[in-house]
Amino acid sequence: MEFKEELSKKISYIEEVIICYLPKEEGFQKKVIEAMNYSIMAGGKRIRPIFMLETYLLFGGKEKEIIEPFLAAMEMIHTYSLVHDDLPAMDDDEYRRGRKTTHIVYGEAMGILAGDGLLNYAYETACKSICQKSDLKQFVKAIQLLSSKPGIYGMIGGQAVDVENCNKPMEQEKLDFIYKLKTSALIEASMMIGAVLAGANEEQVKNIEKIASDIGLAFQIQDDILDVTSTMEKIGKPINSDVKNHKTTYVTLKGIEASKNEVKILSERAITNLKIIGYKIDFLEQLIISLIHREK
Ligand code: GRG
């Protein structure tokens, strides 16, 4: 099967899984649930659940009942971060994924609550993975990753340093720290959870963390590039937002060509290290390559 066809089949499968775990829009709190579902169903590349699923399969994972709740949970956490990132107190963005942002449609208070709702519902959802077939140790390790990587030593930590350094010149070391936490952490969690739930050993999980860290950093640098080279139609949100928010990025520090080269080097290193693990990595390899050339 062609890579693009295979990818679009996998995205459709992930979306079916997400829909199946969404909360029902009912009760007095219907409005916040609508706002949560509006945000998560606005589309998006779904790359975190895809990386999780592929790593699960890579290490021989077979049970849908075990991995599916975690696939949905990861996209809920990612979506919460975007909803909060778009709020007036953060990037103050009006468009995301080609649609009005959640706080624009539902108001700021509902935007905050929908983000909080998605974060909590992610853990409620992941807990549905406990079934007769699951291994308790693996489940607890996966939950630990799902709570720590988005937290203060992961995504929130990176975002906090990013916010604190807005309008200030920044050196590469700090920028790398921010990117590894803000963006790589969720990709690391995705791939590590896939590996853990499939029964990978500690050393294998450590290797996967390193590979995911490189993929995440490349992904964020490409995001910086697209912010200046793409169009609103392609990326579904306004371009030049980093300039608007006075942010130091790879592009402002190193220029576009050097940034593109960095994306290539990091992606190639991730592929080489995946090959060392020694399993069949065809789809993952093509996925990583496709992200080097992504336009949205
Ligand atoms: C807790 C108040 C509060 C805020 C949290 C942590 C955080 C705010 C925001 C996360 C920071 C962030 C947006 C990081 C950038 C990572 C990134 C490139 C996101 C876009 O991911 P894509 O391209 O998005 O996968 P789609 O729309 O395709 O899912």
Side-chain angles (χ1 to χ4, degrees), residues 7-8 11 14-15 18 38-52 71-72 74-93 95-103 108-109 111-120 122 147-166 175 177-190 212-213 215-227 230 232 234-239 241-242 245 247 249-251 259 263 287-288 290-292 294-296:
L7 178 62
S8 94
I11 293 174
I14 298 285
E15 298 206 324
I18 294 170
Y38 169 84
S39 325
I40 201 163
M41 290 321 295
K45 295 181 285 300
R46 316 299 191 194
I47 62 146
R48 293 154 192 82
I50 288 179
F51 273 119
M52 185 187 287
L71 300 176
M74 179 52 70
E75 193 64 14
M76 288 174 195
I77 294 178
H78 166 59
T79 304
Y80 124 76
S81 80
L82 301 182
V83 171
H84 278 189
D85 195 52
D86 291 333
L87 286 168
M90 297 268 179
D91 281 359
D92 194 13
D93 280 323
Y95 286 94
R96 161 83 64 185
R97 294 171 161 175
R99 290 200 203 183
K100 292 272 182 189
T101 45
T102 310
H103 69 275
E108 195 177 343
I112 294 171
L113 290 170
D116 294 339
L118 281 164
L119 179 61
N120 284 284
S147 27
S148 60
K149 291 282 183 186
I152 50 169
Y153 301 109
M155 183 180 72
I156 296 280
Q159 177 78 357
V161 179
D162 196 5
V163 167
E164 235 188 308
N165 284 279
C166 219
L175 192 63
F177 173 89
I178 292 173
Y179 283 9
K180 280 185 184 164
L181 269 66
K182 183 176 92 161
T183 308
S184 293
L186 286 199
I187 296 177
E188 287 166 19
S190 301
S213 171
I215 296 171
L217 186 52
F219 188 79
Q220 181 58 57
I221 300 171
Q222 184 65 15
D223 204 66
D224 291 352
I225 296 170
L226 292 178
D227 191 58
S230 194
M232 167 135 179
K234 276 188 185 151
I235 59 171
K237 58 181 183 179
I239 58 163
S241 76
D242 293 329
N245 292 313
K247 281 190 174 165
T249 69
Y250 255 69
V251 173
S259 300
V263 172
L287 179 61
I288 296 166
S290 76
L291 292 178
I292 305 178
R294 76 188 169 98
E295 291 186 338
K296 62 177 190 166

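For ligands, and for the atoms within them, numbers begin at 1 and follow the listed sequence.
- At a 4.0 Å heavy-atom cut-off, ligand 1 does not touch Arg46 at all.
- Here is the list of ligand 1 atoms found below 4.0 Å of a heavy atom in Gly44: 26 (P), 27 (O), 28 (O), 29 (O).
- Ionic pairing of Asp91 and Lys247 is present here: one or more N-O contacts between side-chain nitrogen and carboxylate oxygen are shorter than 4.0 angstrom.
- Side-chain atoms of Ile47 and Leu291, non-hydrogen and from C-beta on, do get closer than 4.5 Å to each other.
- Contacts of Phe51 classified as ring-ring contact (aromatic ring centres under 6.0 Å, His included), with partners at least two apart in sequence or in another chain: none.
- Within the set Thr183, Asp93, Leu82, the minimum heavy-atom distance to atom 19 (C) of ligand 1 is found for Leu82.
- The shortest heavy-atom distance from Lys296 to ligand 1 is not under 4.0 Å.
- Formation of a donor-acceptor pair under 3.5 Å by the Arg97 side chain with backbone atoms of Met41 is not found in this model.
- On a distance-only criterion, Asp223 and ligand 1 share no N/O pair closer than 3.5 Å.
- Counting the atoms of ligand 1 from 1 in the order shown, those under 4.0 Å from a heavy atom of Ile156 are 1 (C).
- Summary of contacts: the protein heavy atom closest to atom 21 (O) of ligand 1 is Arg48 NH2, 3.2 Å.
- Here the heavy atom of the protein found nearest to atom 9 (C) of ligand 1 is Ser81 O, 3.4 Å.
- Within the 3.5 Å criterion, the main-chain N or O of Asp93 finds a donor-acceptor partner in the side chain of Thr101.
- Ranking the protein heavy atoms by distance from atom 24 (O) of ligand 1 puts His78 NE2, 3.5 Å first.
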Side-chain donor/acceptor pairs under 3.5 Å, residues 151-159, sequence neighbours excluded:
residue: Gln159; atom: NE2; partner: Asp85; partner atom: OD1; Å: 2.9

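- With Ser184 contributing its side chain and Ser213 its backbone, the two residues share a donor-acceptor pair below 3.5 Å.
- The single protein non-hydrogen atom nearest to atom 3 (C) of ligand 1 is His84 ND1, 3.4 Å, given as residue, atom name and distance.
- Atom 15 (C) of ligand 1 has Gln220 OE1, 3.6 Å as its closest protein atom, hydrogens excluded (heavy atom only).
- Side chain of Asp224 to main chain of Tyr250: a donor-acceptor pair is present (N/O by atom type, distance under 3.5 Å, no hydrogens or angles).
- Shortest contact from atom 27 (O) of ligand 1 to any protein heavy atom: Arg97 NE, 2.8 Å.
- In this structure, atom 12 (C) of ligand 1 lies nearest to the protein heavy atom Lys182 CG, 4.1 Å.
- Between Leu226 and Lys296 there is no side-chain heavy-atom pair separated by less than 4.5 Å.
- The N/O atoms of Tyr80, backbone and side chain alike, include none that comes under 3.5 Å of an N/O atom in ligand 1.
- Remark: side-chain polar atoms of Arg96 are not paired, donor with acceptor, to backbone N or O of Thr102 under 3.5 angstrom.
- Scanning all protein heavy atoms for the shortest distance to atom 13 (C) of ligand 1 gives Asp85 OD2, 3.3 Å.
- Here the shortest heavy-atom pairing between Ile187 and Gly216 reads CD1-CA, 3.8 Å.
- For the pair Lys45 and ligand 1, the shortest N or O to N or O distance falls below 3.5 Å.
- One option in Arg294, Met90, Gln159 has a heavy atom closer to atom 2 (C) of ligand 1 than any other, and that option is Met90.
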